There are 2 protein chains.
Amino acid sequence: MTTTRHESGRRSGSSRRPTQADVARLAGVSQTTVSLVLSGSGAAQRRVGEEVSERVLRAIELTGYVANPVAQSLAGGRTSIIGVYTYEPVFPHDAGNFYYPFLEGMEDEAQRLGVDLLLFTSMAPSHRGLTGGSGIRRLRVADGCVLLGRHSSPDDLAELVRQEFPFAFVGRRETPAGEVPFAGAAYQDATASVVEHLLELGHRRIALVNEYTGHESVEDRARGYRRAMAAAGLQPVTFDQGDRDAGDLLDALRASGMTAAAVSSDVVGRLRRAALDRGLTVPGDLSLARLGDPEIREDADVDWTGFLIPRMQMGAEALRIVARRLAGDEDTDAQVFIPCTLVDGSTAGPLAPSA
Amino acid sequence: MTTTRHESGRRSGSSRRPTQADVARLAGVSQTTVSLVLSGSGAAQRRVGEEVSERVLRAIELTGYVANPVAQSLAGGRTSIIGVYTYEPVFPHDAGNFYYPFLEGMEDEAQRLGVDLLLFTSMAPSHRGLTGGSGIRRLRVADGCVLLGRHSSPDDLAELVRQEFPFAFVGRRETPAGEVPFAGAAYQDATASVVEHLLELGHRRIALVNEYTGHESVEDRARGYRRAMAAAGLQPVTFDQGDRDAGDLLDALRASGMTAAAVSSDVVGRLRRAALDRGLTVPGDLSLARLGDPEIREDADVDWTGFLIPRMQMGAEALRIVARRLAGDEDTDAQVFIPCTLVDGSTAGPLAPSA
DNA sequence: CTGAAAGCGCTTACAG
DNA sequence: CTGAAAGCGCTTACAG
């Protein structure tokens, strides 16, 4: 019963939508004049006479004319669309909505800026990145783009920078190709503050536990940790979380005489549970500070000491960076760090006298 | 320090991206031929010779050419962009992510279909609807559009139908202007099933509690309720939830001798608490069935009897409807009802012998 | 099988 | 102050 139409699904639309030409005909002016009247940009606006302008406006009213954004875009105008490219699905199925707050912030800001958000979902499945496929060009439907996702591609970044495409990353990113615009979390300062807090509690043997990747967000935390330890004249000790069992990790910390640890958010939960399993107390036997709220919400009942990632603000700021660049503000800060929220919870406590 | 550039922020891009003309020059053919080679549509593809075709393909490789979607669109091609217009913010700040699952389903499906999602956020703030402003025209950046949101505008629907724009609503919608494509929840069947469940538990005095709006989703539930009651030869009794206090509502139900109630999801929680406050038990003194999971997650600990709204599937199906229409399948079902998940929880129980 | 040409609906120099 | 014209990068009849 399926009839394949010959029009191959092109937009039909009973009556063709009015164009500038239609308006011009009705107003008795040239199409150029209509365009001029509409391009509200001060200089151009003033170029057409009061009376003619009104005639055009009336004709617009009558015809119900609205500009075709596609044509505007092709002719060199703007689409008022900002793309959002994510290196992972934006809406994950699992409970922890890591990306959700980013988008939340972006949506808010998009409304404020009067732009639409184009979610590039079609490129995601392959995860080959943008440069590989037809991706990078596809972004250009939009005026600019916000990129998102942990596993970004260095090639893409380099290409984007080289092309001077107006974009911004959510989270700090680096490339040898040049300066990457981003709205990142101030992990370095946040981590330093967390360590200082542990120092104030009397701890001296404070470990850092993190991944072994060279990811920017990991690096920033490590830098903050080292900075605070160095300032206190203490020896930084870093434990790779690797794939090892949380119990083994715990044993290693204890064996090294650590009394406190600043731990990446994706293992801190398991570490705490391993401690409890061994009959230890937190923070009695070991103080634990969490470096950011994890992607997957877990141990929500635990009152973690540590910091929170300002996801909404990061999303909003990334959009603002793109918008500023589109507005021609080249001198504006294109690399923005947003402070994290510090939380003085109950997983870190004073150094036990026995220790 | 802010230097306003004269280029007014237009995409700069160090080197202009290659166009079909560039490819044609390199391959020594006409621009038309390049277009023909690329427009893979069987018929057209076959029109160009094997050897020429390969030469073009090689030139494309060399130049790194990728089609400009904006130009394609203007020339009558496709953008592979499907819009998503919501009548409320997509990402609400409050805890209950009502729209989140819809988008989740859409994103999945968009990946599968190879289309991108354009979130029309810029039009949302005014909430004037599409028709009022420049909205409806703006949708046309996309090939088609999915609409979303409780408070949709009848004028928009009528206009969209009239224009034969390929769209679909998430949730059933009606307009005198014609048939509205939608992916809705089968509220009628689900409500009927819930009522039948209450009947099986021995209840005879079963009330329906709902809003007084004429919203399609409310109507569908009411129809299902009436259908089931009529089939059992019982008198349907509907209580408007209005703005009244949940306590008053409860008293009214009790005064009318109701032993069970099928209740709209946004009051059922308050109703239950009102019952508990008065020292009553649920389901001992009153059986409660919830007609859908609410927008705002609350009483998550309660094991509600009732049904769940298949939000993800609705989002995905709405996108599929649009895609089918774009593909030219005019005969396909454009009005789809998706079954709700029935939950046999513990807020409804057998009719107490005393009653 | 291939190409010259028109056209999609705009913007923007460039002339009057 | 206004308009004729070119051009954005494609697709699609229409001729050869």
Side-chain angles (χ1 to χ4, degrees), chain A residues 6-11 13 16-25 27-41 43-56 60 63 65-80 134 137-138 140-141 143, chain B residues 6-11 13 16-25 27-41 43-56 60 63 65-80 134 137-138 140-141 143:
Chain A
H6 279 109
E7 297 84 26
S8 77
R10 282 221 39 206
R11 297 163 190 157
R16 195 174 54 76
R17 305 249 66 201
T19 69
Q20 289 191 349
D22 297 323
V23 174
R25 215 167 300 128
V29 297
S30 74
Q31 179 262 114
T32 304
T33 302
V34 176
S35 175
L36 251 22
V37 170
L38 283 161
S39 66
S41 63
Q45 178 82 301
R46 219 152 291 136
R47 278 188 48 203
V48 16
E50 188 72 20
E51 199 228 0
V52 173
S53 180
E54 263 176 28
R55 212 152 13 110
V56 170
I60 287 173
T63 54
Y65 167 83
V66 186
N68 177 342
V70 173
Q72 284 181 308
S73 174
L74 185 59
R78 292 287 185 67
T79 50
S80 283
S134 59
R137 186 57 186 279
R138 204 149 162 50
R140 297 195 170 254
V141 209
D143 290 336
Chain B
H6 280 110
E7 297 84 26
S8 78
R10 281 221 39 206
R11 297 165 190 156
R16 194 176 55 77
R17 306 250 65 200
T19 69
Q20 289 190 347
D22 297 323
V23 175
R25 215 169 299 128
V29 297
S30 74
Q31 178 262 112
T32 304
T33 302
V34 176
S35 175
L36 250 21
V37 170
L38 284 160
S39 65
S41 63
Q45 178 82 300
R46 219 152 291 137
R47 277 188 48 204
V48 15
E50 188 72 20
E51 199 228 359
V52 174
S53 181
E54 262 175 29
R55 213 155 9 113
V56 170
I60 287 174
T63 53
Y65 167 82
V66 185
N68 176 342
V70 172
Q72 284 181 307
S73 174
L74 186 59
R78 291 288 183 68
T79 50
S80 284
S134 59
R137 187 55 186 282
R138 207 152 158 49
R140 295 193 171 256
V141 208
D143 290 337

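Chain letters run A, B, ... following the sequence lines, proteins first, then strands; residues in each count from 1. These numbers were taken from a predicted model, which means no experiment stands behind them. All values below come from the heavy atoms of this structure, side chains included, with hydrogens, waters and symmetry mates left out.
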Query - B:R55 side, atom CZ; B:I60 side, atom CD1 - distance, nearest 0.5 Å - result: 12.5 Å
Query raised in the report: Given that A:V52 and A:Q31 both sit by DNA chain D, which one's nearest nucleotide is further toward the 5' end?
Result: A:V52
Query raised in the report: Counting just side-chain N and O atoms, does A:S35 come under 4.0 Å of either OP1 or OP2 of C:dT11?
Result: yes
Report summary line: Its dot-bracket string being built from Watson-Crick and G-U pairs below 3.5 Å, with | for another strand and [ ] for crossing, DNA chain D has the pattern |||.||||||||.|||
Requested in this report: Just compare D:dG3, C:dG9, D:dT11 and give me whichever is closest to any side-chain atom of B:Q72.
Outcome: D:dT11
Query - Short side-chain N/O contact to C:dG3 OP1/OP2 from B:T33, under 4.0 Å - result: yes
Report task. Can you see which heavy atom on B:Q20 is nearest to which on B:S35, and at what distance? Result -> OE1-CB, 3.4 Å
Query - Nearest-Å distance for atom pair CG/C1', residues B:L36 and D:dT12 - result: 9 Å
Query raised in the report: Roughly, in whole Å, what's the span from CD in A:E51 to P in D:dT2?
Result: 8 Å
Query - Nearest-angstrom distance from the residue atom CZ of B:R25 to P of C:dA4 - result: 13 Å
Requested in this report: For A:E50 and D:dC1, give me the distance from atom CD to atom P, rounded to whole Å.
Outcome: 10 Å
Report task. Report the nucleotide, chosen from C:dT11, D:dT12, D:dC8, that has the shortest atom-to-atom distance to any side-chain atom of A:L74. Result -> D:dC8
**Report entry** A:T32 side chain, from C-beta outward: closest of D:dG9, C:dT12, C:dG3
**Finding:** C:dT12
Query raised in the report: For C:dT11, does either OP1 or OP2 sit under 4.0 Å from a side-chain N or O belonging to A:Q20?
Result: yes
Report task. Would you name the heavy atoms of A:Y65 and A:V23 that are closest together and state the gap between them? Result -> CB-CG2, 3.5 Å
Requested in this report: Applying side-chain contact (heavy atoms from CB on, under 4.5 Å) between B:V56 and each of B:L36, B:L38, B:V29, report the one that passes.
Outcome: B:V29
Requested in this report: Taking all heavy atoms of B:T63 and all of B:P18, pick out the closest pair and write down the distance.
Outcome: O-CG, 3.3 Å
Report task. Look at the side chain of A:A75 and decide which nucleotide, out of D:dG7, D:dC10, C:dA4, has an atom nearest to it. Result -> D:dG7
